Amino acid sequence: MVADHLVIAPLLVPLVTATVALLTRRWPAVRTGTALFGGVVYAATVAAVVWSVVLAPDAPGAVAYQLGGHAAPFGITLVVDALSAFMLVLTAAIAVPALVFSQRYLRREDQDVFYYPLYHFLLLGITGSFLTGDLFNLFVWFEVMLMASYVLISFYGGPKHTRATLWFLVLNIVGSAVMLVAIGGLYATTGTLNMADMAQQLADPAASGVPVAPVVGLSGLLFAVFALKAGLVPFHFWVPSAYTAAPMPATALLAGGSKKVGVYAIVRLYFTVFSEATVPVSLPGASGDSPLAFLGPVLLVMAIASIAVGGAGAIQAGSLEGVFAYSSIGQVGFIGVAVAVAAVAPDAAARNLALLAALVFALHHTLTKGMLFLVAGTVRSATGTSRLADLGGLAGRYPVVSGTFFVGALSLVGIPPLSGFVGKFLVFDTALRGEALAGGVALLVGSVLTIAYATRAWTVAFWGDRSTAVHHGGRDSVQVAILVVLALAVVGVGVGFEGVYRFADAAATAATDTDAYVEVVLPDGGGSS
Amino acid sequence: MTVVLAALLGSLFAFGTFLLLRRDLVAVIWGTAIVSQGANLYLLTMGGFVEASFDAVPVLATHGGEAPQTTDPVVQALVLTAIVISFGMTAFALVMTYRVYEEHNTLDVFELGGDR
């Protein structure tokens, strides 16, 4: 019973924190204290939710919270199952270290400009997207998340930042309009916005008289919007400029959290909601008769393109965070390959395994890339620059920072026992089992590119002659401590993989088990007669 | 009615897209505003426009229950939310445009360039 009400807590914590931080902005100490405390409480709440819903011995596995007691499908529903819980953990794992990092990274006058309320509103939007059980609310949470990111990207207000924001803004306004069109269309065809109810209607279209064919097209529109949020090629244009413009800790949350919302939405909608539908039309170039058959090939092509573009971009990028931003595009491609293989998997076991690979890789990406953006932040606040041309000899001057970068780079490359190894291993395994030859080749090429850009960043910035900027720099010990903690987490995920595997397995199972999802949200079969 | 609205929606989206592809930044922002409004209007039409009866309303038609002369309240609630969001976004976009003009002294998309 307590678990039932706990579900809404991860939403309330950032909301209250953001509001309080907004009200106490005249007292910087109080405001900063509240913001940091709110972050810690957020992590604790997520841990409590995950424990009581998924991990505890007698856990229900999934809980639906009907807001205001209005039962689904008519009310607003929040759902926590293993998949949402997994994504929440991933978000909290980067949000809290990045929040503490912000306090040491941003200049005082910058912190005064509503930084903490924005950060917590971003966190709120991400959390809401993971928890909502309702398509229209997914749109609303997306907007909450986007509004905070617009301001965070334009935060420093220089020429580069305003331009990055404007492109991001225009792209996302158009994306939102497309999403509204898709949601409206889905409502008109299925008569519901509740995802569980929609899954139920689509699974048995004869009983409810729902035409399934339009759903394929509408789901394609939704897919484009989610791919835009995830930064998959050809919707990746905003990624490098936005990620290099935002303050580094905010970028860590954008790359670690916001980006995963797109991935989560694809998995949730396609694998939980649309997977049961059988399409009466034959799709060109696709085998099978569910919208998944269409998702597979399209996503595979986009993921392969992402790997190529991300890798190539990272090799020519001019700054540390530029390298990581492009690398982010490539890494989402890796997740995309696994999801694409899952979409066309012949049986449930293979599908589970492929989704599990995608989720583990997402966890790896959040931790590693989050840490690397913070490394870029540390280097920037120590030396005043993160341009590769101005850096050199960091390894001798800052051995610990360089060590964490090294761990992160090795993890990106996929060296055991780091988190990147298990993630990459599972994705490779998936591609080979799924006989996605093109995917396998792309992964191989992507890995070679990863080695190339990681080596380039390492040799240029960390080895070689000590540049003047590095020579005169200082460093902040708290920032370094956070990096060390995150590096240990990256190692920990690889070493203690047993537990991560079980959690990810539960999440992958939850993603594909439509019946269980429907059962939780609509215990008495919902409003349909 | 349906045909008129379909034509109107089509022209809104077409005009919005045309503006989105202009070189002038203010035109681009107008384009986003018009596309968003098109999406809002489209959302409203999704409730159905046939003679008001229960089977024209998706939420009633698929969940049973006879109700005479009904219009769909759900789409209205949705469009209210969407309107608020798109107005907010448009306002913010206009402010950003002004800021970009201050920073870069141009409103030409080509001169602003991409990521460099």
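No experiment lies behind these values; they were computed from the predicted model shown. Order of the sequence lines sets the chain letters (A, B, ...), proteins ahead of strands, with each chain counted from 1. Computed over heavy atoms, backbone and side chain alike; hydrogens, waters and symmetry mates excluded.
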Quick check for you: among A164(A), G185(A), S154(A), which has the greatest number of heavy-atom pairs under 4.5 Å with chain B?
G185(A)
Distance check, rounded to the nearest 0.5 Å: S176(A) atom OG versus M89(B) atom CE?
6.0 Å
For L180(A), is it the side chain, the backbone, both, or neither that has a heavy atom closer than 4.5 Å to a heavy atom of chain B?
both
Among E103(B), M96(B), R99(B), which residue has the highest count of heavy-atom pairs closer than 4.5 Å to chain A?
E103(B)
Closest non-hydrogen atom pair between R163(A) and L112(B), with its separation:
NH1-O, 2.8 Å
Are side-chain heavy atoms of T162(A) and H104(B) found at a separation under 4.5 Å?
yes
Interatomic spacing from CG in L78(B) to CG in L135(A) - rounded to 0.5 Å:
10.0 Å
For residues Y187(A) and V74(B), report the shortest heavy-atom separation together with the two atoms involved.
OH-CB, 3.4 Å
Set of ring-ring contact (aromatic ring centres under 6.0 Å, His included) partners for F136(A), sequence neighbours left out
F139(A)
Could you tell me which residues satisfy ring-ring contact (aromatic ring centres under 6.0 Å, His included) with F87(B), sequence neighbours excluded, listed by chain and number?
none
In residues 21-35 of chain B, which residues are in contact with chain A at a heavy-atom separation under 4.5 Å?
L25(B), V28(B), I29(B), T32(B), V35(B)
Please identify, among G322(A), G158(A), A245(A), the residue contributing the most non-hydrogen atom pairs under 4.5 Å to chain B.
G158(A)
Portion of T190(A) that has a non-hydrogen atom of chain B nearer than 4.5 angstrom
backbone
Applying ring-ring contact (aromatic ring centres under 6.0 Å, His included), can you list everything that pairs with F226(A), at least two apart in sequence or on another chain?
F142(A)
Check A93(B) against L166(A) and note the closest heavy-atom contact, atom names and distance.
O-CD1, 4.4 Å
Check A39(B) against A177(A) and note the closest heavy-atom contact, atom names and distance.
CB-O, 3.7 Å
Check the surroundings of atom CZ in F15(B): do more than 12 heavy atoms from other residues, nucleotides or ligands lie under 6.0 Å from it?
no
Using heavy-atom distances under 4.5 Å, tell me whether L43(B) contacts chain A through its side chain, its backbone, both, or neither.
side chain
Rounded to the nearest 0.5 Å, what separates atom CZ in F92(B) from atom CD1 in I173(A)?
9.5 Å
